[in-house]
Amino acid sequence: MFESMAHWLVKTEPTVFSFDDLWNAPKRTSTWDGVRNFQARNFLRDAMKVGDAVLVYHSSVEPMAIAGVAEVVRAGYPDPTQFDRKNHHYDPKAKPETPTWFQVDLRAVKKLKRPVTLAEMKNVPELSGMMLLQRGVRLSVQPVSPEHFRWIVAAGF
DNA sequence: GCCAACGTTGGC
DNA sequence: GCCAACGTTGGC
């Protein structure tokens with residue numbers, strides 16, 4: 001079971017929702033909603049499983065960095081914001097019978113003592129294959145190899 | 001604030 | 001089904 005645990009990275013703009021917000025949420029848990037990209041949706045819907053480990057990355061902020069580690073506590077289920085007309089993420093084409101967008105629930109597990117910055121990661125040869133660091137890749141939910149995951153957690157400890 | 005890169009939409 | 005136009009992401 002443990003060996004099949006997958007590793008992920010999710011991006012968030014901390015001005016909207018930060019790792020600290022997750023850390024301070026009831027039970028340190030929150031839904032991870034609002035993803036509106038099909039490839040990311042597929043990971044949320046089909047691939048992320050309870051117990052999977054997740055790096056939480058802060059984008060569009062100084063410094064851009066991995067802020068902490070979370071775990072999946074509920075696997076993919078329909079994102080209700082797609083049906084909410086008043087929500088910024090409302091999708092008029094989505095139908096409750098056949099939801100388009102999915103979310104998971106995440107629980108904060110570990111706050112890195114030292115955020116691991118994008119600038120730092122770019123200079124680490126071992127991380128050069130990370131999807132996050134590839135030119136033009138802007139997936140907000142992406143898989144991470146166990147090696148890359150371990151390197152980052154160790155660097156931030 | 002800029003803009004490269006990418007995803008989506010819609011006319012044809 | 002092509003592809004130009006448009007919108008978004010997200011680093012710089």
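Note on naming: letters A, B, ... go to the chains in the order of the sequence lines (proteins, then strands), and numbering restarts at 1 for each one.
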Practice prompt. Would you indicate, yes or no, if C/dG11 has its OP1 or OP2 atom less than 4.0 angstrom from a side-chain nitrogen or oxygen of A/Lys11?
Written response: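 False: A/Lys11 side-chain N/O out of range (4.0 Å or more) of C/dG11 OP1/OP2.
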
Worksheet item: OP1, OP2 of C/dG11 versus side-chain N and O of A/Tyr57: anything below 4.0 Å?
Response: yes

Worksheet item: Among the nucleotides B/dT8, C/dG11, C/dT8, which one has an atom lying closest to any side-chain atom of A/Phe38?
Response: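 That would be B/dT8.
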
Worksheet item: Of all the nucleotides listed (B/dT9, B/dT8, C/dT9), which has the minimum atom distance to the side chain of A/Lys93?
Response: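 Selected nucleotide (nearest to the side chain): B/dT9.
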
Whole angstroms only, please: what is the [atom1]-[atom2] distance between [X] and [N]?
{"X": "A/Ile66", "N": "C/dG11", "atom1": "CD1", "atom2": "P", "value": "11 Å"}
{"X": "A/Glu62", "N": "B/dG1", "atom1": "CD", "atom2": "P", "value": "17 Å"}
{"X": "A/Arg41", "N": "B/dG7", "atom1": "CZ", "atom2": "C1'", "value": "14 Å"}
{"X": "A/Leu118", "N": "C/dG11", "atom1": "CG", "atom2": "P", "value": "6 Å"}
{"X": "A/His88", "N": "C/dT9", "atom1": "NE2", "atom2": "C1'", "value": "13 Å"}
{"X": "A/Lys122", "N": "C/dC12", "atom1": "NZ", "atom2": "P", "value": "3 Å"}
{"X": "A/Gln39", "N": "C/dT9", "atom1": "CD", "atom2": "C1'", "value": "14 Å"}
{"X": "A/Asn37", "N": "C/dG7", "atom1": "CG", "atom2": "P", "value": "18 Å"}

Discussion item. Determine whether A/Lys49 and A/Glu71 satisfy the following criterion, salt bridge (Lys or Arg N to Asp or Glu O under 4.0 Å), listing intermediate values before the conclusion.
Written reply: CA-CA 9 Å; A/Lys49 300 301 176 195; A/Glu71 69 173 329; over 6 Å; no

Discussion item. Could you check whether A/Asp79 pairs with A/Arg41 (Lys NZ or Arg NE/NH1/NH2 to Asp/Glu carboxylate O, under 4.0 Å)?
Written reply: no

Practice prompt. Identify whether A/Ile152 and A/Val61 are in the same connected component of the hydrophobic contact network (ILVMFWY, side-chain heavy atoms under 4.5 Å).
Written response: no

Item to complete: Classify the side chain of A/Arg36 and the base of C/dT8 as holding, or not holding, a donor-acceptor pair under 3.5 Å.
Response: no

Fill in: ring pair (Phe, Tyr, Trp, His ring centres under 6.0 Å) between A/Trp101 and A/Phe38, intermediate numbers included
CA-CA 8 Å; A/Trp101 306 112; A/Phe38 287 104; 4.7 Å; yes

